[in-house]
Asker: 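This is the structure I want to talk about, given as structure tokens.
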Amino acid sequence: MNRLFPFPTTLKIRTWLFLAAASVLLPMVAFLGLLLQHIERDQQALVDAEVRYRMDHLVQEVDERIKLSVQALEVLSASDSARKGDWAALYRSAIHLVGTHPHYLAVSLVDAHKQLVFLTTLPFGQATFGTHYPDLVDEVLQSGMPNVSGPFRVPVAEGHRLAVSVPIVQGHRVTHVLRMILSTDSIDRLLHQQQLPEGWIVSIGDRHGTVVARSVRSETYVGKTGSATYVAALRRNDGQVFKGLTLDGVPTSGLVAPVFGGYWFAGMAVPDVVLQKRYRETMLFMGFLSLAMVLLGSGVALGISLFFARQTRALETVVGSGRAHTPLPWPLRMTELRQVYLRYRDARLQQDCAERNLLLATDEKNAVRDLYEHAPCGYHSLDPGGVVVRINQTELNWLGRTREAVLGRPFADFVAPAGRERLQDNFARFLVEGRIENIDLELLRADRSTLPVVVNATLIHDAEGRPLMSRSTVFDITERKKLEKRLEDMSHQDALTGLSNRRHFYPLAATAFERVRRTGGLLALAMLDVDHFKQVNDRYGHATGDAVLKALAHTCRESLRSTDTVARLGGEEFVLLLPCTTLDDALARLEGLRERLASTRLGGAEPPDLGFTVSIGVTLLGHAADSVDAVLARADAALYEAKRLGRNQVRVG
């Protein structure tokens, strides 16, 4: 006996191969026989697992569809018009919501008596009849929680409808219910998008078993009660696969799962004929496979024995041992095969070692290349003339270009025009110093948009010390630029009104004054103050005071020219710069602004339609030596003169 060949070495190869084939095939045939006994059970388990997986996915998608409608309604129910009972304003908001989403058919408002206050498909004030599913309206009024109805029909349209309901809370109690009306067709389309295996059936029903949507023949069964086994399963709600019949009378294995807290139930069924088809196909395949393996094993054993003998003789010639030209005996025995195998094994071990070393080197090379190509930053190399000789995929993706479109072209072609001169200056310095750091540029993309980046580079020299090429790293600084812009805007804007603040106004005014001094033009400056603003804050609260200031800022922006400037200096004090304006023009325009402000009403304030007035002082830039503070002081004095004379007027200083 031998460690390499467990059979006696005196055996012929043909005999050895037949024994080996039989030792392998017989256990496999026995195993296939046992396997057939468990096929049906295993296939059922696989189908059960697939049904549960697809059911979880379906429940999640249907839940998400309902929750989107609930969220849209909750935005309406939390609005000021809903809290204050302004149903006309709520009706307009609901119409806008319905128009923005293809699944929404209508929105209705139901009072505590289950009567419609409005329906968006009717003019406001004409919806005074009862509503569908009044029991669900009662549930919302009592629990304060949203729900979803089963299917129902309306006399003015074809098809079935659904209602998603949310509460409207006024004070500390639920007084009304908002309902989103949806078509069952939208749920049908969702079911058809599930891409179920052929023959599978999926449906949605309400908690009473009424069919809401169905993937097969929905036009026939929507609005009807589901099969008895389906209704019994949803009442049990035990999450177990059950045997039953569909409404079409098809025997199935099915599963139900609750949707949206149990107001709906999803059902998924696999016809038994589909399961049996898989089982029969598997049985037939296994039978043919067993027969083929027996026949193939016998034929292969005979063929391999003949082929093996020929190859062994050829191998003996290649790896011979001094008897290379001595014919091997026939029939070939295991002894000769073992000798040839040992010599071949040694040669093969040497080859495998060389291949492993080559594979390791190749893997390391590919890893380095992948790291270069897909690094989080860009890499490129330029020759001494600034031409791109190498670039990674990350930077190509930023540019929106192919490698062929970039290699061989000057890198300056891919830099925004405003930065090309800076690039050339820094590249010339780079060739001398051998290094540059943190150069801000904007890359020019294929679609002509730009990408802000920062570039660092080192210079590579050849053996004689001459510049060979650059190695550059490029970092995307888009987020940093956005942050810098936001910080700059925040430093210039008043947080409440969005107008320029005191810090931003002074340099603007100084620039405008200098322009007037150079050109000899005209410039009017006005100070504006809300009358009795402290009383507004004290009586109605700071939120109402803030609303007054924002309304004032909005009206000023709408009333002024694009060349005019309005800023908030602090509190209720505002300043206006009116270039190229005579005193008469300034008085006329400011008087018009005062009247518009006096007629402004705050719709959401308490009390309703709260108004306010302003006092205004205006002056002209009179002397070339006038400072911003001096002109502001004159306008401020005119402002206080307007207040002293009774407020709500314009005075000249």
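None of these values were measured; they are calculated from a predicted model. We use all heavy atoms of the structure for the numbers below, so side chains are in, but hydrogens, waters and symmetry mates are not.
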Asker: Test your reading of the model: is there a side-chain donor-acceptor pair from Arg557 to the backbone of Val566, 3.5 Å cut-off?
Answerer: no
Asker: For Leu578 and Ala586, which heavy atoms make the closest approach, and how far apart are they?
Answerer: CD1-CB, 4.3 Å
Asker: Is it the case that over 12 heavy atoms from other parts of the model lie below 6.0 angstrom from the NE2 atom of His461?
Answerer: yes
Asker: Got more than 12 heavy atoms from elsewhere within 6.0 Å of CD, Glu198?
Answerer: no
Asker: Does Glu437 have any side-chain hydrogen bond (donor to acceptor under 3.5 Å, both in side chains) partners at least two apart in sequence or in another chain, and if so, which?
Answerer: Arg435
Asker: For Arg409, does the CZ atom have more than 12 heavy-atom neighbours from other residues, nucleotides or ligands under 6.0 Å away?
Answerer: yes
Asker: Using every non-hydrogen atom in the two residues, find where Asn501 and Gln493 come nearest and quote the distance to one decimal.
Answerer: ND2-O, 3.5 Å
Asker: Can you run down the side chain to side chain donor-acceptor pair (under 3.5 Å) pairs that involve residues 415-432, sequence neighbours left out, and say none if there aren't any?
Answerer: Asn426-Arg429, Arg429-Glu433
Asker: By side-chain hydrogen bond (donor to acceptor under 3.5 Å, both in side chains), which residues pair with Asn456, not counting sequence neighbours?
Answerer: none
Asker: Could you tell me whether the side chain of Leu58 reaches within less than 4.5 Å of the side chain of Leu191, counting heavy atoms only?
Answerer: yes
Asker: For His192, look at atom NE2 and say whether over 12 heavy atoms of other residues, nucleotides or ligands are found less than 6.0 Å away.
Answerer: yes
Asker: Under 3.5 Å, is there a donor-acceptor pair between the side chain of Ser472 and the main chain of Ser381?
Answerer: no
Asker: Take Leu528 and Leu552 through the side chain to side chain contact (heavy atoms under 4.5 Å, CB included) test and state the conclusion after the steps.
Answerer: CA-CA 10 Å; Leu528 182 152; Leu552 187 152; 3.5 Å; yes
Asker: Let me confirm one number: the NE2-CG distance from His374 to Asp370, rounded to the nearest 0.5 Å.
Answerer: 5.5 Å
Asker: So do Leu525 and Val618 actually touch side chain to side chain, heavy atoms under 4.5 Å?
Answerer: no
Asker: Give, for atom CG of Leu459 and atom CD1 of Ile436, the distance between the pair rounded to the nearest 0.5 Å.
Answerer: 10.0 Å
Asker: Given Arg568 and Leu496, is the side chain to side chain contact (heavy atoms under 4.5 Å, CB included) satisfied, shown in steps?
Answerer: CA-CA 10 Å; Arg568 182 187 179 195; Leu496 177 64; 3.7 Å; yes
Asker: Residues in ring-ring contact (aromatic ring centres under 6.0 Å, His included) with Phe430, at least two apart?
Answerer: Phe427
Asker: Determine whether Leu523 and Val631 satisfy the following criterion, side chain to side chain contact (heavy atoms under 4.5 Å, CB included), listing intermediate values before the conclusion.
Answerer: CA-CA 11 Å; Leu523 176 66; Val631 178; over 6 Å; no
Asker: Please check this pair: side chain of Thr581 against backbone of Pro579, looking for a donor-acceptor N/O pair closer than 3.5 Å.
Answerer: yes
Asker: Between Thr478 and Lys482, is any pair of side-chain heavy atoms under 4.5 Å apart?
Answerer: yes
Asker: Which atom names give the shortest non-hydrogen contact between Cys580 and Arg561, and what distance separates them?
Answerer: O-NH1, 4.2 Å
Asker: Heavy-atom distance under 4.5 Å between the side chains of Arg589 and Asp564, does that happen here?
Answerer: yes
Asker: Quick check for you: to the nearest 0.5 Å, what is the distance between Leu499 atom CG and His492 atom NE2?
Answerer: 14.5 Å
Asker: Do the side chains of Arg480 and Asp440 get close enough for a salt bridge, i.e. N-O under 4.0 angstrom?
Answerer: yes
Asker: At their closest point, which heavy atom of Leu549 faces which heavy atom of Glu572, and how far apart are they?
Answerer: CD2-CA, 3.9 Å
Asker: A side-chain contact here means heavy atoms from C-beta on lying under 4.5 Å apart; do Ile439 and Leu423 qualify?
Answerer: no
Asker: Let me see the working for Leu441 and Val453 under side chain to side chain contact (heavy atoms under 4.5 Å, CB included), right down to the final yes or no.
Answerer: CA-CA 6 Å; Leu441 296 172; Val453 297; 4.3 Å; yes
Asker: With distance as the sole criterion, is a donor-acceptor pair present between the side chains of Ser449 and Asp447 under 3.5 Å?
Answerer: yes
Asker: Within this structure, what is the CG-CD distance for the pair Asp529 and Glu573, rounded to the nearest 0.5 Å?
Answerer: 6.0 Å
Asker: Can you find a side-chain donor-acceptor pair between Gln393 and Asn397 that sits under 3.5 Å?
Answerer: yes
Asker: Taking all non-hydrogen atoms of both residues, which atom of Ala509 and which atom of Leu577 are closest, and how far apart?
Answerer: CA-CD1, 3.7 Å
Asker: Does a side-chain heavy-atom distance below 4.5 Å link His103 with Arg65?
Answerer: yes
Asker: Do His380 and Val406 have side chains that approach each other closer than 4.5 Å (heavy atoms only, starting at C-beta)?
Answerer: no
Asker: How long is the gap from NE2 on His57 to CD on Gln195, to the nearest 0.5 Å?
Answerer: 9.0 Å
Asker: Tell me the closest heavy-atom pair linking Ile391 and Val388, and the distance in Å.
Answerer: CB-CG1, 4.2 Å
Asker: Test of understanding: with ring-ring contact (aromatic ring centres under 6.0 Å, His included), list the residues that count as partners of Phe574, not counting sequence neighbours.
Answerer: none
Asker: Got more than 12 heavy atoms from elsewhere within 6.0 Å of CZ, Arg503?
Answerer: no
Asker: With sequence neighbours left out, what residues match Asn392 under side chain to side chain contact (heavy atoms under 4.5 Å, CB included)?
Answerer: Tyr372, Glu373, Ala375, Tyr379, Thr394, Glu395
Asker: Would you say Gln194 and Glu61 are linked by a side-chain donor-acceptor pair, where the criterion is simply a distance under 3.5 Å?
Answerer: yes
Asker: Return the OH to CG distance between Tyr506 and Leu632, rounded to the nearest 0.5 Å.
Answerer: 5.0 Å
